[in-house]
Amino acid sequence: KRRCTFLPPGIDAISFCPYPDPVQRVIDVYSIGRRSQITHQKLLEWARETRRFYLHDTIRGSQTINSKEHRAALANAIRRSRYFIVNPGKIDDPSQRGQQIEIGNRYFEGAAAGAIMIGERPANEAFKTLFDWSDAVTRVPYNSSDIDMVIKNLDADPERQERIRRTGVVQALTRHDWVYRWEAVLKSAGLAPLQAAEERKVRLRKLAEIASQG
C-alpha cells in the first residue's frame, strides 16, 4: 500500500553528446550486446561486399577489464557511429522475460550520441512517452535480413539523417540525463533540488542549443 513511481533508465548526456566539437562518424554500423544472428550475418556480408565498417562485440560484456574505461570507450564509439542497433531488453531470451517488454539502455545511449537507431521499438506505453519524437527509431524487425536495404534508404536522404541525429541529441540533453531522474527521486521524497543539479541543467541547456542549431 505504498505509492510507486516508475523511474526509467537515464544517460550521462554530456559524456555521450557529440557537440560542441562533432567528430567524423567513421563507424558505419555499431552493434553491442544481444543480437540477432540472422541480422548479424547479413551485416557481416554487407560489410565485406561494400567495404563498410561494421563494429560488433567479439567478447562478452562480463569480461570488461575496467567498467569506467569501458563506458568512456562506448561513448566515443557511438559518437563516431552512423547507425546503432537497438532492441528491447533480453529480446533473445523469452524464457527469462516472459511477455515483459522493457526499454534497454541502448536507446538512451544512441539518442544521446546522435547515432541513427535501427531495430525494434519496445511495444509499451513508457517507450511511447519517452521516445515520442519522429524517427526516434527506424524499425528493423528482429531477425531481419533486409537491414542493408534500410540503411541504403536512409543513406539516400542526408537531410533526414541530420534531423534524426540532432533531434536525438537534444531530446537526451533536455529529458534523459541522469539529473532529471535524480530530480524525480528528490521530488518524490519532498526534497528541494540541489544547486549542483541546477548548474548541470544549465550546461545541458547550452549543449542542447548548440545541437539544435547543428
### Query
Can Leu207 be reached from Tyr180 by stepping across I, L, V, M, F, W or Y side chains whose heavy atoms are under 4.5 Å apart?
yes
### Query
Salt-bridged, Arg175 to Asp132, with N to O below 4.0 Å?
yes
## Note on the structure
Output for pair (Ser15 OG, Leu74 CG), nearest 0.5 Å, gives 11.0 Å
### Task
List the steps, then state whether side chain to side chain contact (heavy atoms under 4.5 Å, CB included) holds for Val169 with Cys17.
CA-CA 7 Å; Val169 173; Cys17 182; 3.9 Å; yes
### Query
Hey, are the side chains of Arg34 and Arg106 touching, using non-hydrogen atoms and a 4.5 Å cut-off?
no
#### Entry: Flag side-chain contact, heavy atom, 4.5 Å: Phe84 against Ile32
yes
### Task
Report whether Met117 and Ile11 are members of the same hydrophobic cluster (ILVMFWY, side-chain heavy atoms less than 4.5 Å apart, transitive linking).
yes
#### Entry: Other residues, nucleotides, ligands: >12 heavy atoms within 6.0 Å of Gln37 CD
yes
### Message
Which label fits His176 and Phe108: parallel for a plane angle under 30°, tilted from 30 to 60°, or perpendicular past 60°?
### Response
perpendicular
### Query
Between CD1 of Ile151 and CD1 of Ile116, what distance do you get to the nearest 0.5 Å?
9.5 Å
### Parallel, tilted or perpendicular: ring planes of Phe131 versus Trp133, cut at 30 and 60 degrees
tilted
### Message
As a quick check of understanding, evaluate side chain to side chain contact (heavy atoms under 4.5 Å, CB included) for Arg163 and Thr167, giving each step before the final call.
### Response
CA-CA 6 Å; Arg163 183 177 67 252; Thr167 301; 4.0 Å; yes
#### Entry: Aromatic contact, His56 with Tyr30 (centres under 6.0 Å)
no
### Task
Using only heavy-atom distances, determine whether the side chains of Glu102 and Gln100 contain a donor-acceptor pair under 3.5 Å.
yes
### Task
Measure the shortest side-chain to side-chain distance between Glu120 and Val86 over non-hydrogen atoms and say whether it is less than 4.5 angstrom.
no
### Query
Can you find a heavy atom in the side chain of Ile118 that is under 4.5 Å from one in the side chain of Val137?
no
### Task
Check the pair Arg200 / Asp12 against salt bridge (charged side-chain N to carboxylate O under 4.0 Å, His left out), numbers first and verdict last.
CA-CA 11 Å; Arg200 182 174 179 85; Asp12 180 349; 2.8 Å; yes
### Message
Could you check whether any side-chain N or O of Asp57 sits under 3.5 Å from a backbone N or O of Ile59, counting only pairs where one atom can act as donor and the other as acceptor?
### Response
no
### Message
Is there a path of hydrophobic side-chain contacts, each under 4.5 Å between heavy atoms, that joins Tyr19 and Val170?
### Response
no
### Query
Quick check: does any side chain N or O of Ser81 sit under 3.5 Å from a backbone N or O of Ala115, one acting as donor and the other as acceptor?
no
### Task
Verify, without hydrogens or angle tests, whether Asp28 (side chain) and Arg52 (backbone) share a donor-acceptor contact under 3.5 angstrom.
no
### Query
Is Arg165 close to Arg160 at the side-chain level, that is, under 4.5 Å between some pair of heavy atoms?
no
### Non-hydrogen side-chain atoms of Ile101 and Phe127 separated by less than 4.5 Å
no
#### Entry: side chain to side chain contact (heavy atoms under 4.5 Å, CB included) between Val29 and Trp46, intermediate numbers included
CA-CA 11 Å; Val29 180; Trp46 169 79; 3.7 Å; yes
### Task
Indicate yes or no: at least one non-hydrogen side-chain atom of Val185 is less than 4.5 angstrom from one of Leu7.
yes
### Task
Report yes or no: does Arg79 contribute a side-chain atom to a donor-acceptor pair with the main-chain N or O of Ala113 at less than 3.5 Å?
no
### Query
Strictly by modelled atom types, are Tyr107 and Asn87 linked by a side-chain donor-acceptor pair under 3.5 Å?
no
### Message
Are Val150 and Ile164 connected into the same hydrophobic cluster when the rule is that any two of I, L, V, M, F, W, Y join if their side-chain heavy atoms are below 4.5 Å apart?
### Response
yes
### Query
How long is the gap from CG on Leu43 to CZ on Arg48, to the nearest 0.5 Å?
11.0 Å
### Query
Is the closest side-chain donor-acceptor distance between Asn66 and Thr64 under 3.5 Å?
no
### Query
Between Thr129 and Glu125, is there a donor-acceptor pair closer than 3.5 Å when you use the side chain of the first and the backbone of the second?
yes
### Query
Does CZ in Arg203 sit with more than 12 non-hydrogen atoms of other residues, nucleotides or ligands closer than 6.0 Å?
no
### Task
Please assess Leu154 against Tyr83 for the test side chain to side chain contact (heavy atoms under 4.5 Å, CB included), listing each intermediate value before the final yes or no.
CA-CA 10 Å; Leu154 285 166; Tyr83 297 102; 3.3 Å; yes
### Task
Answer yes or no: is there an ion pair linking Glu209 with Lys206, defined by an N-O contact shorter than 4.0 Å?
no
### Task
Check step by step if salt bridge (charged side-chain N to carboxylate O under 4.0 Å, His left out) holds for Asp146 and Lys42.
CA-CA 8 Å; Asp146 296 325; Lys42 184 63 179 181; over 6 Å; no
### Query
Do Glu162 and Arg166 meet the salt-bridge criterion of a basic N to acidic O distance under 4.0 Å?
yes
### Task
Report yes if the side chains of Asp155 and Gln161 come closer than 4.5 Å at any heavy-atom pair, otherwise no.
yes
### Query
Does a side-chain N-to-carboxylate-O contact under 4.0 Å join Arg71 and Glu109?
yes
